[in-house]
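Data first, discussion second: the structure below is written as structure tokens.
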Amino acid sequence: MKINKLLVANRGEIALRVMRTAREMGIKTVAIFSEADRNALHVRYADEAVCVGPAPSSESYLRGDVIIDVCQKLGVDAIHPGYGFLSENANFARQVREAGLIFIGPSPESIEVMGSKLAAKAAVADYDIPMVPGTPSAIDGSASGRAEAKVISAKIGYPILIKASAGGGGKGMRVVEQEADFDEQMDRAVSEAISSFSDGSVFIEKYVTSPRHVEIQVLGDQHGNIIHLFERECSVQRRHQKVVEEAPSAILTPEIREAMGQAAVGVARACNYYGAGTVEFIVDANLNFYFLEMNTRLQVEHPVTELITGVDLVEQMIYIAEGKALTIRQEDLQIKGHAVEIRVYAEDPANNFLPDVGTLETYVRPQGNGVRVDDGFEQGMAIPIYYDPMIAKLITYGDDRAAAIQKMIRAIDEYQISGVQTTLGFCRFVMNHHAFRSGQFDTGFVSQYFTPEVLATQSNAEENELAAVFAAYLLNNQAAKPSQTQAVGPARSKSQWRTKRLG
Ligand code: ADP
């Protein structure tokens, strides 16, 4: 069925990104918003926009019933959930279907299976997918259950990882270095799992040392065709959450890429997947890879795949939801160039990456060839405290990895943000770091190399450079027009430069 009117059940950059493609496809767009987002850019961009409730997402963006109601009132055919919020909520996907609307994503059944890490492992068991050694089912919290889990852990070998089956966003995950710490970490993991996901089931995985996070983008249609669009590497993380992503990975060989692609297609097939999805793997120092989980939605970092393949993933999602067969065949796809994405968060890297929301007093995006900014803000806007503090995704594209990184450094230098602390300076540090540049890094990058002091050094180097430029400028000016130096010179203090440059 052709989609004529689409509602995005989301906000910010992803709502805009989806609506842009919809508009290109001649589809009318409907935005929803909370009272905190009345003036948001996605609201202004849409053909129609409806307020669905107060600021807290539980009273607005998560109100599936209200959202479906809006669709029926406005004659909407389809809902795109974006990422987060209701995007991986099987009940919502089911309610959408029952209301006679199209959910632009996989079936509720696929979401359900892959929503539980344990159910996902069980579902792919027959598909010859490599998995991290661990417990195949939830650990029973009783004394005998724990004793059994300790026997398995000893066999696997410490360190091990206790993980929440319903986990996401790095929550409910605890590393156990030795058996003596098992019970304490187990209690913590269970209580975090209950408080975050209302589901205390946890299981054990071997803790892979020097792990790299590599994920494969898949697309499947409703006729059983499934393809993969290569990998993204997301190993630079803080709190088990991604901050820098790139495609392709700096370390995969064509053979491993092919094997991972096949494994990802197998995972998708195991749950009769259709739509866009991501199969996440962990890769060890010897380039062995193991299935972690599948995310049944569009990922934040999808643009890097779009840039290296030339495929608009949202457009494909819409075609698939309309019931069309994929027209891209696996053999048509090839990797062209290299793309890097950084997440620009309103966070203070010097203060443990804690959110630092406020008003964007200065906000000037970088521009130019090979630079893409996906954001949802303009200068003067406030970043609401209610939602994820991501300001933007900055993505650069070049012929090869080194070119994409150089472009990223240039783009970071051009990005002017003041009023809040951001991850820009931290990302510049990553881009300049020899471990990142050489491709020899893992998910321990931040704990291994980053301390707040490196930002101070960086700003000093920058200030020195600026001071030197400034001094040269003053000298020149003095020589030419001595009377004007006062007016031009101190008008911009060093601290102003610094705020602008570092954000
Ligand atoms: P979530 O759903 O919470 O994001 P994932 O299973 O995707 O959890 O894991 C998130 C991150 O945690 C991974 O990218 C990796 O950095 C780390 N991680 C997960 N499993 C392991 C493991 N077995 N060994 C080492 N690190 C792991």
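Atoms within a ligand are numbered from 1 in the order they appear, just like the ligands themselves. Only heavy atoms go into these numbers, but all of them, side chains included; no hydrogens, no water, no symmetry mates. Just so you know, residue 1 is the first one in the sequence shown, and it goes up from there.
- One finds no salt bridge joining E306 and R232 here, because no Lys/Arg side-chain nitrogen approaches an Asp/Glu carboxylate oxygen to under 4.0 Å.
- Heavy-atom proximity to M173, at under 4.0 Å, picks out these atoms of ligand 1: 3 (O), 8 (O), 9 (O), 10 (C), 12 (O).
- Between Y397 and H338, the gap from one ring centroid to the other reaches at least 6.0 Å.
- For a threshold of 3.5 Å applied to N or O pairs, the pair formed by V208 and ligand 1 contains at least one separation below that value.
- Near L161, with a cut-off below 4.0 Å to any heavy atom, the atoms of ligand 1 are 19 (C), 20 (N), 21 (C), 22 (C), 23 (N), 27 (C).
- The nearest heavy-atom contact from the protein to atom 3 (O) of ligand 1 is G170 N, 2.6 Å.
- Considering backbone and side-chain N/O atoms, K117 comes within less than 3.5 Å of an N/O atom of ligand 1.
- The atoms of ligand 1 that sit less than 4.0 Å from any heavy atom of H213 are 13 (C), 14 (O).
- Counting only non-hydrogen atoms, the option in E215, K206, H240 that gets closest to atom 23 (N) of ligand 1 is K206.
- Between D284 and R212 there is no salt bridge, since no side-chain N of the basic residue sits under 4.0 Å from a carboxylate O of the acidic one.
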When you look at D312 and R17, which way does the salt bridge (Lys or Arg N to Asp or Glu O under 4.0 Å) test go after all the steps?
CA-CA 11 Å; D312 181 326; R17 189 262 165 276; 3.0 Å; yes
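- Salt-bridge formation is detected for the pair E280/K242: a Lys NZ or Arg NE/NH1/NH2 atom is positioned less than 4.0 Å from an Asp or Glu carboxylate oxygen.
- Those atoms of ligand 1 that come under 4.0 Å of a heavy atom in G167, given as number and element, are 2 (O).
- Listed by number with element, the atoms of ligand 1 under 4.0 angstrom from any heavy atom of G168 are 1 (P), 2 (O), 3 (O).
- Each of the atoms 18 (N), 21 (C), 22 (C), 24 (N), 25 (C), 26 (N), 27 (C) of ligand 1 lies under 4.0 Å from some heavy atom of I282.
- Side-chain rings of H80 and F103 stay apart, their centers remaining 6.0 Å or farther from each other.
- Atoms of ligand 1 found under 4.0 Å from any heavy atom of K163 (numbered from 1 in listed order, with element): 6 (O), 19 (C), 20 (N).
- What sits closest to atom 11 (C) of ligand 1 on the protein, heavy atoms only, is Q237 OE1, 4.0 Å.
- In plain terms, the two heavy atoms of L326 and D221 that are nearest each other are N-OD2, 2.8 Å.
- Less than 4.0 angstrom separates some heavy atom of E280 from each of these atoms of ligand 1: 7 (O).
- Aromatic rings from Y387 and Y61 are positioned such that their centres are separated by under 6.0 Å.
- Under the 6.0 Å cut-off for aromatic ring centres, F426 and F450 qualify, their centroids lying closer than that.
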